[in-house]
Amino acid sequence: MSYWLFKTEPDTFSIDDLKARGTTGEIWDGVRNYQARNMLRDQVQVNDRVFIYHSNCETPGVAGIARVIESGVVDPMQFNPDSKYFDPASKPDAPRWITVKVAYELHLAKPVSLASIKAHPALQDMQLVKRGNRLSILPVSEEQWETILHIEGNG
DNA sequence: GCCAACGTTGGC
DNA sequence: GCCAACGTTGGC
């Protein structure tokens, strides 16, 4: 089992929205970066745990945890001409964008802000805090996972 | 294959 | 809203 961090803009889709989906979960659609796609397609597996990270908002940070409930999911938005994620170059017999489905697990007792992650000595190697990081899917080590969970009384 | 122009991400 | 740091596109 592996650990990940998925970014989302809470104005568009937040941890609360994911919670509202319940055990049905949600397809993590809209990832249109090949490096992120490759991780979703090749490495993210069922039962992996995911930090849901809120970006582009007042207090960026880890808001909660989800679980991967299905892998190898074809992102349906690539075939939807009305979607901003429509990709006319992707063909149904050779879909370009593969993702996973996740389901809500919990909110952190207290969200862990990007500022507190940056301030923690044990988290300096996280790709999240690396300069110029823009990937929306990032691997998290077990040690980093536990460290974040124990910040400010979580876990 | 090079690289300038352009678009996007995302913290601040 | 600003802007640094990327990724992508397309002319050549």
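Since the structure is predicted, the reported quantities are computational estimates derived from the model, not experimental observations.
Between dT9(B) and Lys7(A), no contact under 4.0 Å exists linking OP1 or OP2 to a side-chain N or O. Using a 4.0 Å cut-off, no side-chain N or O of Lys130(A) falls inside it from OP1 or OP2 of dG11(B). When the side-chain nitrogen and oxygen atoms of Tyr53(A) are compared with OP1 and OP2 of dG11(B), one or more of them lie within a distance under 4.0 Å.
The distance from atom CG of Leu138(A) to atom P of dG11(B) is 11 Å, rounded to the nearest whole Å. Put simply, CD on Glu58(A) is 17 Å from P on dG1(C), counting in whole angstrom units. Taking atom CG on Asp87(A) and atom C1' on dG7(B), their separation rounds to 16 Å, with Å as the unit. Across the protein-nucleic acid pair, Glu9(A) atom CD and dG10(B) atom C1' stand 8 Å apart, rounded to whole Å. As rounded to whole Å, 13 Å separates atom P of dT9(B) from atom CD1 of Ile137(A). Protein atom NE2 of His54(A) is 19 Å distant from nucleotide atom C1' of dC12(B), rounded to whole Å. Phe6(A) has its CZ atom 14 Å from the P atom of dG10(B), to the nearest Å. Computed from coordinates, the Tyr85(A) OH to dT8(C) P distance equals 16 Å when rounded to whole Å.
Each of Asn133(A) and Asn56(A) lies near DNA chain C, and the nucleotide nearest Asn56(A) is the one positioned closer to the 5' end.
Residue Leu128(A) is out of contact with every strand shown, counting any heavy-atom pair closer than 4.0 Å. Lys118(A) comes within 4.0 angstrom of the backbone, heavy atoms only, and of no base.
Taking the six-membered ring where tryptophan is involved, the planes of Phe51(A) and Trp145(A) are essentially parallel, since the angle between them stays under 30° and well short of 60°.
Defined by atom type and a distance below 3.5 Å, a donor-acceptor pair is present between the side-chain atoms of Asn56(A) and Glu9(A).
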Nucleotide N/O to protein N/O under 3.5 Å, stretch nucleotides 2-4 of chain C:
none

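Under the 4.5 Å side-chain heavy-atom criterion for grouping Ile, Leu, Val, Met, Phe, Trp and Tyr, Leu123(A) is connected to Val140(A) within one hydrophobic cluster.
For Gln35(A), the CD atom sits in a loose shell: 12 or fewer heavy atoms of surrounding residues, nucleotides or ligands are nearer than 6.0 Å. Within 6.0 Å of the NZ atom in Lys110(A), the count of heavy atoms belonging to other residues, nucleotides or ligands does not exceed 12.
Listed by first then second residue, pairs satisfying salt bridge (charged side-chain N to carboxylate O under 4.0 Å, His left out) with a partner in residues 142-151 of chain A number zero, not counting sequence neighbours.
Taken residue by residue, residues 32-43 of chain A places no heavy atom nearer than 4.0 Å to DNA chain B.
Comment: Arg96(A) engages Asp87(A) in a salt bridge, judged by a side-chain N to carboxylate O separation of less than 4.0 angstrom.
Of the options Arg21(A), Lys19(A), Arg49(A), a salt bridge (Lys or Arg N to Asp or Glu O under 4.0 Å) to Glu105(A) is made by Arg49(A) and by none of the others.
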Audit row: Tyr53(A), Leu128(A), side chain to side chain contact (heavy atoms under 4.5 Å, CB included) steps and yes/no: CA-CA 10 Å; Tyr53(A) 177 92; Leu128(A) 183 69; 3.7 Å; yes

